[in-house]
Amino acid sequence: MNTAELVVFIIYLVFMIGIGVYFFLRSKGANEKDYFLGGRQMGAWVSALSAGASDMSAWVLMGLPASVYAAGMGQTWIAIGLAIGYALSWIFEAPRLRRFSIEANDSITIPQYLTNRFLSKSKALQILCAVIFIFAYTIYAASSIKACGTLFNTVIGMDANLAMYIAAAIIIGYTFLGGFSAVCWTDFFQGLLMLAALLIAPIFALGLVRGGDVAAAEFPANYWSFTESWTDIASGLGWGLGYFGMPHIIIRFMSLRSEKELRKSSVIGITWTVIILTMSVVAGAVGRMFMGEIADSSTVFIQMTRRIFPPVISGVLLSAILAASMSTADSQLLASASAFASDVYKPVFRKKASDREMLWAGRVVVIIIAVIALIVAANPNSGTIMGLVSNAWGVFGAAFGPVIMLSLFWKRLTMAGAVAGIFSGALVDILWLAFLSGTGLYEIIPGFFCGLILAVAVSYMTPEPGKDVLALFDRSVNSTK
């Protein structure tokens with residue numbers, strides 16, 4: 001156990017809790033919109049780095065470098081696909097989603113937006129979305145909690161399960177207390193820390209190798225090949241499809257205070273993400289050169305950092321893994337809580353629930369989902385960090401991506417088409433993972449395009465939306481809010 005690294009971790013964790021307490025004390029008189037969407041008052045820098053940090057979970061510091069380290073540059077297609085998808089989501093999806101969500105009865109969650117987009121009184125779509133949210137986010141949050149356990153176990157020798165319990169408690173703490181504002185501000189600082197860690201560690205390692213201080217290890221045959229198979233390329237690029245339907249990321253688009261802030265935020269967010277993804281790939285390749293063969297490839301960034309820097313500095317840089325894990329888990333917990341409280345609890349069970357009751361309903365759901373995610377993460381058969389992320393990412397992208405994009409750009413989409421698209425996208429994704437994963441094709445691809453085709457087909461088979469729905473679409477397209 002390294003005492004200096006442990007002290008740095010503790011200081012970092014106390015700082016995160018402090019942000020939650022600060023926003024909790026400021027939340028007197030807060031309502032549902034404040035807790036789940038920050039009152040639509042987020043600025044460009046906070047929204048951009050929060051969106052990026054909530055996206056780039058521990059896999060960007062452990063999963064992707066491990067894949068590049070172990071399997072070679074063919075894994076770079078994942079980073080390329082993500083960079084393209086993220087840029088397109090900011091450029092095309094973000095402006096319309098922000099305007100549409102305001103025009104659609106000031107919707108504060110994705111399920112609310114989809115329901116209000118069709119001016120529907122039926123809650124079927126909201127409930128379907130909420131069920132998928134809770135299922136997929138539990139898996140996603142489990143990957144982040146598992147990463148915290150791996151980090152503490154590797155760095156200070158703490159039992160991995162105990163470390164998961166502590167990390168989950170802290171994440172629950174500031175999410176429970178501060179809501180969306182606390183999550184965004186913690187993500188902002190975590191995003192800066194992740195960027196610093198991925199810039200500093202690989203560059204220093206490469207400098208030591210180039211300077212002759214460390215002997216460069218040999219690379220395996222075909223390590224630098226980018227084109228091993230078409231399924232690797234397609235699957236890597238397919239990751240980019242997930243951004244169009246990732247609720248905890250695109251909810252940041254809805255929280256921005258103005259169109260001006262959105263344009264500024266898009267530049268910041270795209271730049272940050274491209275740098276992060278590039279340096280994550282570099283970390284894997286440089287780690288291979290610097291470390292040679294290691295038993296657990298998922299710890300390549302951890303071991304490289306500890307070998308280069310003194311304990312205090314390595315503690316700060318390794319806190320980036322905590323940052324990556326927590327910034328994703330908190331967003332997922334809050335998105336799940338908002339989906340349940342706003343889209344199931346109030347419309348189905350307590351139609352006259354007060355703002356205070358809604359806040360506490362959301363907070364209770366944060367605890368329940370975190371506990372279930374903790375149980376999943378602690379199960380030794382739950383899979384790798386990258387595997388858990390891949391599964392949850394695929395479900396979200398396939399279920400919501402096609403329908404959200406159609407709702408923003410295609411006036412003819414109907415409520416029935418949206419339900420069919422979401423249900424079929426999620427179902428095909430899960431069935432492909434269960435029975436056809438041996439093909440090597442990432443399940444998000446068949447799921448996404450099946451959802452897209454069925455959403456369009458069912459929309460054409462059902463009556464055209466009413467004049468009021470078409471008018472809402474036109475208002476949203478022309479809105480300047």
Side-chain angles (χ1 to χ4, degrees), residues 31-44 46-48 50-51 54 88-121 123 125-126 128-130 132-133 179-181 183-184 243-263 265-266 269 331 334-343 346-347 358 362 396 399-411 413 415 418 421-422 465 468-481:
N31 56 30
E32 179 186 2
K33 182 177 174 181
D34 295 322
Y35 185 77
F36 292 128
L37 203 59
R40 293 192 194 270
Q41 292 299 312
M42 292 296 110
V46 174
S47 291
S50 174
S54 65
L88 293 177
S89 69
W90 268 108
I91 294 169
F92 295 105
E93 184 177 29
R96 288 208 173 195
L97 182 59
R98 182 186 171 275
R99 294 195 298 266
F100 273 51
S101 65
I102 294 172
E103 292 292 340
N105 200 27
D106 201 16
S107 304
I108 63 172
T109 70
I110 296 301
Q112 264 188 28
Y113 156 70
L114 288 172
T115 299
N116 293 338
R117 160 71 174 75
F118 302 105
L119 301 177
S120 174
K121 295 182 179 179
K123 302 304 176 185
L125 185 55
Q126 284 181 252
L128 172 63
C129 293
I132 296 174
F133 271 35
F180 188 83
S181 295
V183 165
C184 282
Y243 280 114
F244 301 117
M246 208 57 52
H248 64 282
I249 299 172
I250 61 178
I251 196 75
R252 266 69 180 175
F253 303 159
M254 296 162 58
S255 73
L256 282 152
R257 69 168 68 102
S258 68
E259 289 282 322
K260 181 180 178 181
E261 292 291 305
L262 190 147
R263 288 190 292 272
S265 191
S266 67
S331 299
L334 191 66
S336 304
S338 65
F340 178 82
S342 299
D343 305 319
K346 185 171 185 176
M358 289 289 290
F396 277 126
F400 298 110
V403 169
I404 290 175
M405 292 303 288
L406 286 173
S407 74
L408 298 174
F409 290 94
W410 190 41
K411 187 186 295 190
L413 181 67
M415 178 82 162
I422 291 171
D468 49 352
V469 176
L470 299 178
L472 172 62
F473 183 92
D474 291 334
R475 266 198 325 273
S476 300
V477 169
N478 298 319
S479 174
T480 58
K481 293 183 181 178

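Closest of all the heavy-atom pairs between Ala418 and Val403 is O-CG2, 3.6 Å. What you find for Ser107 and Asn116 is that their closest heavy atoms are OG-ND2, 2.9 Å. Taking both residues in full, the closest heavy atoms of Glu103 and Ser476 are given as CB-OG, 3.4 Å, listed atom of the first, atom of the second, then distance. Considering all non-hydrogen atoms of both residues, Pro465 and Lys411 come closest at CG-O, 3.8 Å.
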(request) Verify side chain to side chain contact (heavy atoms under 4.5 Å, CB included) between Arg99 and Arg475, making sure each step is shown before the conclusion. (result) CA-CA 9 Å; Arg99 294 195 298 266; Arg475 266 198 325 273; over 6 Å; no
(request) Determine, step by step, whether Phe400 and Phe244 satisfy the side chain to side chain contact (heavy atoms under 4.5 Å, CB included) criterion, reporting the C-alpha distance in whole Å, the side-chain angles of both residues, the deciding distance to 0.1 Å, and the verdict. (result) CA-CA 7 Å; Phe400 298 110; Phe244 301 117; over 6 Å; no
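Not one N or O on the side chain of Asp106 forms a donor-acceptor pair closer than 3.5 Å with the backbone of Ile102. In terms of modelled atom types and a separation under 3.5 Å, the side chain of Thr115 and the main chain of Gln112 share no donor-acceptor contact.
Within 6.0 Å of CZ in Phe92 there are 12 or fewer heavy atoms belonging to other residues, nucleotides or ligands.
Within the 4.5 Å cutoff, side-chain heavy atoms of Ser265 are placed close to those of Leu256. Contact check for Cys129 versus Gln126: no side-chain heavy atoms found under the 4.5 Å cut-off. Residues Met254 and Ile110 are in side-chain contact: their nearest non-hydrogen atoms beyond the backbone lie under 4.5 Å apart. Looking only at side-chain heavy atoms (C-beta outward), Ile249 and Tyr243 come within less than 4.5 Å of each other. Annotation: side chain of Arg117 is in contact with side chain of Phe473 (closest heavy-atom distance under 4.5 Å). In this structure the side chain of Ser101 never reaches within 4.5 angstrom of the side chain of Phe253, judged on heavy atoms. The shortest distance between side-chain heavy atoms of Leu408 and Tyr113 falls below 4.5 Å. A 4.5 Å side-chain heavy-atom check between Pro247 and Phe133 finds at least one atom pair inside the cut-off.
Under the side-chain contact (heavy atoms from CB on, under 4.5 Å) rule, Met415 has a single partner from Leu114, Val469, Leu125, which is Leu125.
Between the OG atom of Ser89 and the CE atom of Met405 there is a distance of 8.5 Å, given to the nearest 0.5 Å. Atom OG of Ser266 is separated from atom CD of Glu261 by 11.0 Å, given to the nearest 0.5 angstrom. Here Phe396 contributes atom CZ and Ile404 contributes atom CD1; the two are 10.5 Å apart, rounded to the nearest 0.5 Å.
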